[in-house]
Amino acid sequence: MAPGVDEEAAAIENKELPPSKPEAVKKVKPPKKDKPPQGPGKGEKGGAMKKETKLGLAVSKSEDFHEWYRLLVLEAELISTYSVSGCYVLRPWAYQLWEAIQTWFDGEIKKLGVKNAYFPMFLTKAALEKEKDHVEGFAAEVAWVTKAGSSELEEPIAIRPTSETIIYPLYSQWIRSHRDLPLKLNQWTNCVRWEFKDPRPFLRTREFLWQEGHTAFATKPEADREVRQILDLYAMIYQDLLAVPVTKGLKTEAEKFAGGLYTTTVEGFIPDTGRGIQAGTSHCLGQKFSKMFDIGFEAVDQQRQLCWQNSWGLSTRSLGIMIMVHGDDKGLRLPPRVAPTQIVIINIPNAKLSEEARTAMASKCSELEALLRQAGVRAECDLRENYSPPWKYNHWEVKGVPLRMEIGPRDMENGTVMLARRDGKAPKEPVKFDQLLLRVPQLLEEIQNSMYTSARTEYDSCIERATTLDEFKAALDRKHMVLAPWCNGLKQEDDLGKATKTAEAMGAKSLCIPFEQPELAEGTMCFYTGELAQNWTLFGRSY
Ligand code: 86X
């Protein structure tokens, strides 16, 4: 074999490998598009773009909220844009957040006896129209497949916007006797609603991911109980996992799912825009669908009865709410319980360090990573040598990792690390190697709690009470939600929407009738109509 050939091969191979010596690597700049904004002192060109915000995103959250959000989801590597308008790629950083919700919720519903299944995403026109009454309101959003290759289909096929009309014909076949009940199924799927309003990652996308639960019972009390159990799980997803405050309540007649009996909801709020946002819904459908689809059973007394049904859903919109609530001018902030990486470990070699000390430092990082992982902490080293420590700090801050561990030469000598919180709620803290297994989980817990507490404080400070329309409008102008005594009138709610619409802002809608009600003194009047109030209702401009 000619020696030259091997040499050539090796040379080519070497070109494709990243240079292995730090000295050589230092000159290699990271590819531009992967480069988050640089910190002060490093940001030669980046600085001009970022104005006074210094670190993190080019636009601050308060200056231009929507631009801030658009940049954040890209720079945190949650989303990539896509050629079909209204559709986005969920990158691993976002998908792992969805998986965290999925894993937890899936475990909880299985404890309630719910099983997963998968129904087709296509439905015939005839099936869709079985639910004609309220499909009408949504018809414009249904996407259709009309062709296969170049040949027209005989019948256009719809893509599911939701699966009632796909699932319920099967329930009608499957359920025969009271012994077949309760039937509790869930599916994790995509869904298509061809909306024409401005799309926004997570909040309004033409295709989204969700879970939809569809259950059938012999009696109403069983159905009622499940509606609330599921709603409680939704509230826990928000409050305990995503550290996002919500209000649990009942939708008014104007806002409920028209196909059902009553709708319960968890309502979130985005302080920066002053808008409420429906965060998850759990419906009692009553017997409306069982009548329509003939879902009945032979009871113990051998009489045929109709089932009581529920449906419930929560989508990737939840991630948008979390991002909007917790993100700041530096980027994303992730609650530790869902963060794909809870702590990032970064080595800080300096130029004077010997090769040996450099290697020892990197091995220490890997060793601590392994130690933390064994204890169930999602730890990750970033030992890349072609990126500077400040660049890495910024990178992981934009991505929202709750804790950062730094190890420099002095730390190696002292047997310590520095821990920095993404939320900046405390100064960097030195911790001995052998204290890490104690301190890191504690800090993660503290961050989780502190994120929820501050978000809750802000949420609560955005609820005002009003007893007159003037007070009501003034609260809306302050970008707040309003809790007001309400008559529960269907038409009156429509009027209120018109009365609160301004040239700049949409009208207010009811968000929910909170389950937790302040006392309503006897004879209290509706703030709007002057009729007798039925309850305190939460209102707001909303998404
Ligand atoms: C309402 C009701 C319900 C199961 C949920 O909220 C939770 C999970 N479904 C969904 N809804 C529609 O029925 C609907 C129907 C059509 Cl045809 C559409 F294009 C859009 C829809 N959006 C919502």
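Residue indices begin at 1 and follow the sequence shown. Counting starts at 1 for both ligands and their atoms, following the listed order.
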Quiz item: Do any N or O atoms from the side chain of Glu108 and from the backbone of Leu233 form a donor-acceptor pair under 3.5 angstrom?
Solution: no
Acceptor/donor pairs from residues 140-152 side chains to any protein atom, 3.5 angstrom cut, sequence neighbours excluded:
{"from": "Ser151", "atom 1": "OG", "to": "Ala148", "atom 2": "O", "distance (Å)": "3.1"}

Quiz item: Using the benzene-type ring in the case of Trp, are the ring centres of Tyr234 and Phe105 under 6.0 Å apart?
Solution: yes
Quiz item: Are Trp188 and Asp106 linked by a side-chain donor-acceptor pair shorter than 3.5 Å?
Solution: yes
What donor-acceptor contacts under 3.5 angstrom involve side-chain atoms of residues 89-103, with partners at least two apart or in another chain?
{"from": "Trp93", "atom 1": "NE1", "to": "Lys399", "atom 2": "O", "distance (Å)": "2.9"}
{"from": "Gln96", "atom 1": "NE2", "to": "Pro92", "atom 2": "O", "distance (Å)": "3.2"}
{"from": "Thr103", "atom 1": "OG1", "to": "Glu99", "atom 2": "O", "distance (Å)": "2.7"}

Self-check item: Pocket residues of ligand 1, ordered first by chain and then by residue number (heavy-atom cut-off under 4.0 Å)
Solution: Val135, Phe138, Glu141, Val142, Pro161, Thr162, Glu164, Arg193, Trp210, Glu212, His214, Phe257, Thr281, His283, Ser311, Trp312, Gly313
Self-check item: ring pair (Phe, Tyr, Trp, His ring centres under 6.0 Å) contacts touching residues 461-485 (sequence neighbours left out)
Solution: Phe472-Phe527, Phe472-Phe539
